[in-house]
Amino acid sequence: MMKRTSIKAVLANQETDYTTTVKGWVRTFRNNQFIALNDGSTVKPLQIVVDLNTFPEDLLKKITPGAAIGATGKIVPSAGRGQRVELVATEVVVYGEADPSTYPLQPKRHSLEFLRSISHLRIKTNTFGCIFRLRHNLAFAIHKYFHDNGFFYMHTPIITGSDAEGAGEMFRVSTLDPKTPPCTENGEVDWSKDFFGKQTNLTVSGQLEAELGAMGLDKVYTFGPTFRAENSNTSRHLAEFWMIEPEIAFADIHDDMDLAEGLLKYVIQYVLDHNIEDLEFLQNRLIQEEKSLPQNQRSEMALIEKLEFILAEPFERITYTEAFDILRNSKPNKKKRFKFPINEWGADLQSEHERYLVEKHFKKPVIITDYPAQIKAFYMYLNEDGKTVRGMDILFPQLGEIVGGSERETRMEVLHQRMAEFGIPPEELSWYLDIRKYGSCPHAGFGLGFERLVQFITGMSNIRDVIPLPRYPGYAEF
RNA sequence: GCCUCCUUAGCUCAGUUGGUUAGAGCGCCGGACUGUUAAUCCGUAGGUCCAAGGUUCAAGUCCUUGAGGGGGCGCCA
């Protein structure tokens, strides 16, 4: 058989009247004559024309939605209207049939909830093809941005012996027999007999390890899976998700914000340049979906317009105290529309407050800095006022927090005091404290939730639809 | 973990104040047609109304409990 060409390449080629082979999966077979073939390389299908008189009937019967086929023939200008070129088949091979009486994907709109129940098959649909092509290109763009800016990709451990990362509940990793674990004299499980000779967990963050990297390589980033055993049941949380955590030496919180804003804008521009067809498909999908909603609940901007809007202006940068004042004097607060009224400085901002700032007040991404120390992690640099820390959160419309970062605390005595306040014994993190002891310098970093980024860019409302096989409380199928 | 809504055919959904034999579109199956764009047209089949219990002469419809799902909240990325 001839060398295979991707459908993306065939559609991009301006030439016609050449013979080639394509292979992919049948989307529809109309009129016993026109196959819409998709091979995953692009959302656009290639139309394969078969002459029903030259192909045997039992072969044509096997060409059903979902079947894997190959077709060889001449690429010609299409005689129909819906496409520029089409392939007139001289040879068709059926690699894998898809029994139409049981194949669950019909050529019609399915609900995302139904597709989630068949996650092993949903990747075959247009919508999920677009999402996962975008997901790939976003991951690639992130690596490219860091690489081009002198960062080194650092692989931090997935199994960690530290239980003081302070970012959430952890999954235990153990090879002990759960029925008869070895016990100590006082009847507790003897973890020293476990595989690693101690209790171990799946990582909740690579940040502390990335800080080590930055103290030698200057600029590093992690990009790996992260696990949190929180019982979080929302459209923005997964038990297994991917996180990007850069760490930069000789940098303060302003450098950190510049880096985060630069990265986000770069990757958005990247997919606008490389995935416009996928974005157009998803944009159209959203428009169709919103047609059933009342006017006031529809998006103000279409998907691509929204992405371009993010690029257009600098993100708004305000302190927690400024945000607090805006919220306290806001209409919804005065009219008691907030479920959690704003009246006391120091309380954490709720989702409704973040959404007000981003969607109503500033109408663009907002970076909030200098949070009250008691609501943020121990490793954030304590300001001179003794009350606030140099943490920063980037808030996006619809999603809320997409980035959380900070300038790190470098003063040994302050760090010890903060760890004591959080109840973290210094011996747990002696290696972390060592980097303050030997050649310490100002440094900063942040964590970017990859799926939240994919969610924002694809416009998908549930995070479970932007990772191929999601894991969340009560669910680890496939 | 909390609040709230939902669960009827393979899928998406109707189903009136509780009242004969539970419907539609799409899909499937059979047929017709053959330059179609989720093709079109004709016809057939397809149901433990999520589960268990209760109220009632009578329950898809009302009540209780449970399971699964959606949305919101909290924790966060």
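Order of the sequence lines fixes the chain letters, A, B, ..., with proteins taken first and strands second; residue numbering starts at 1 for each chain.
Contact annotation for G80(A): base contact, defined as any heavy-atom pair under 4.0 Å involving a base atom. Using a 4.0 Å heavy-atom criterion, one finds that N233(A) contacts the bases of the nucleic acid, with or without backbone contacts as well. Within 4.0 Å (heavy atoms only), T234(A) reaches at least one base atom of the nucleic acid. Residue E113(A) is classed as a sugar-phosphate contact, given heavy-atom separations below 4.0 Å to backbone atoms only. Within the nucleic acid shown, E451(A) has no heavy atom closer than 4.0 Å to any nucleic acid atom. Note on S235(A): only backbone sugar-phosphate atoms sit closer than 4.0 angstrom, heavy atoms only; bases stay farther off. Residue-level contact check: R464(A) touches the backbone only, with heavy atoms under 4.0 Å from sugar-phosphate atoms and none from bases. Residue contacts for E86(A): at a heavy-atom cut-off of 4.0 Å it reaches a base atom on one of the strands shown. Within 4.0 Å of F114(A), counting heavy atoms only, lie sugar-phosphate atoms of the nucleic acid but no base atom. Among the heavy atoms of the strands, none lies under 4.0 Å from I244(A). No engagement by P104(A) is indicated, since no non-hydrogen atom pair under 4.0 Å with the nucleic acid exists.
Side-chain polar atoms of Q207(A) and E211(A) form a donor-acceptor pair below 3.5 angstrom. Judged purely by distance below 3.5 Å, without hydrogens or angles, the side chains of E477(A) and S119(A) never pair a donor atom with an acceptor atom. Side-chain contact of T20(A) with T5(A): a donor-acceptor pair under 3.5 Å is present, judged by distance alone. Residues R236(A) and N462(A) have side chains that never bring a donor and an acceptor to within less than 3.5 angstrom of each other.
Within the shown strands, nothing qualifies as a pairing partner of U20(B) under the Watson-Crick or G-U definition with both distances less than 3.5 Å. C11(B) is paired with G25(B) under the Watson-Crick or G-U wobble criterion, all donor-acceptor distances under 3.5 Å. Summarising the base pairing, U55(B) is matched to no nucleotide, lacking a Watson-Crick or G-U wobble pair whose two defining distances lie under 3.5 Å.
For the pair R27(A) and U37(B), the criterion of a side-chain N or O lying under 4.0 Å from OP1 or OP2 is not met. Here N462(A) reaches the OP1 or OP2 of G71(B): one of its side-chain N or O atoms lies under 4.0 Å away. Side-chain nitrogen and oxygen atoms of S351(A) include at least one within less than 4.0 Å of the OP1 or OP2 phosphate oxygen of G74(B). A close approach under 4.0 Å does not occur between any side-chain nitrogen or oxygen of S101(A) and OP1 or OP2 of C29(B). Contact annotation: R116(A) reaches the phosphate of G70(B) (side-chain N/O to OP1 or OP2, under 4.0 Å). Remark: R30(A) is in phosphate contact with A39(B), judged by side-chain N or O atoms under 4.0 Å from OP1 or OP2. Between T28(A) and A39(B) there is a side-chain polar atom (N or O) within less than 4.0 angstrom of OP1 or OP2.
For C75(B), its base sits under 3.5 Å from the side chain of S232(A) at one donor and acceptor pair at least.
Applying the salt bridge (Lys or Arg N to Asp or Glu O under 4.0 Å) criterion to E316(A), with sequence neighbours excluded, gives K364(A).
Stacking of F34(A) onto the six-membered ring of G35(B) is not present when judged by under 5.5 angstrom between centres and under 30° between planes.
Among residues at least two apart or in separate chains, there is no salt bridge (Lys or Arg N to Asp or Glu O under 4.0 Å) pair with a member in residues 37-60 of chain A.
Between the CD atom of E352(A) and the P atom of C75(B) there is a distance of 12 Å, given to the nearest Å. As a whole-Å value, the separation of N284(A) CG from U37(B) P is 18 Å.
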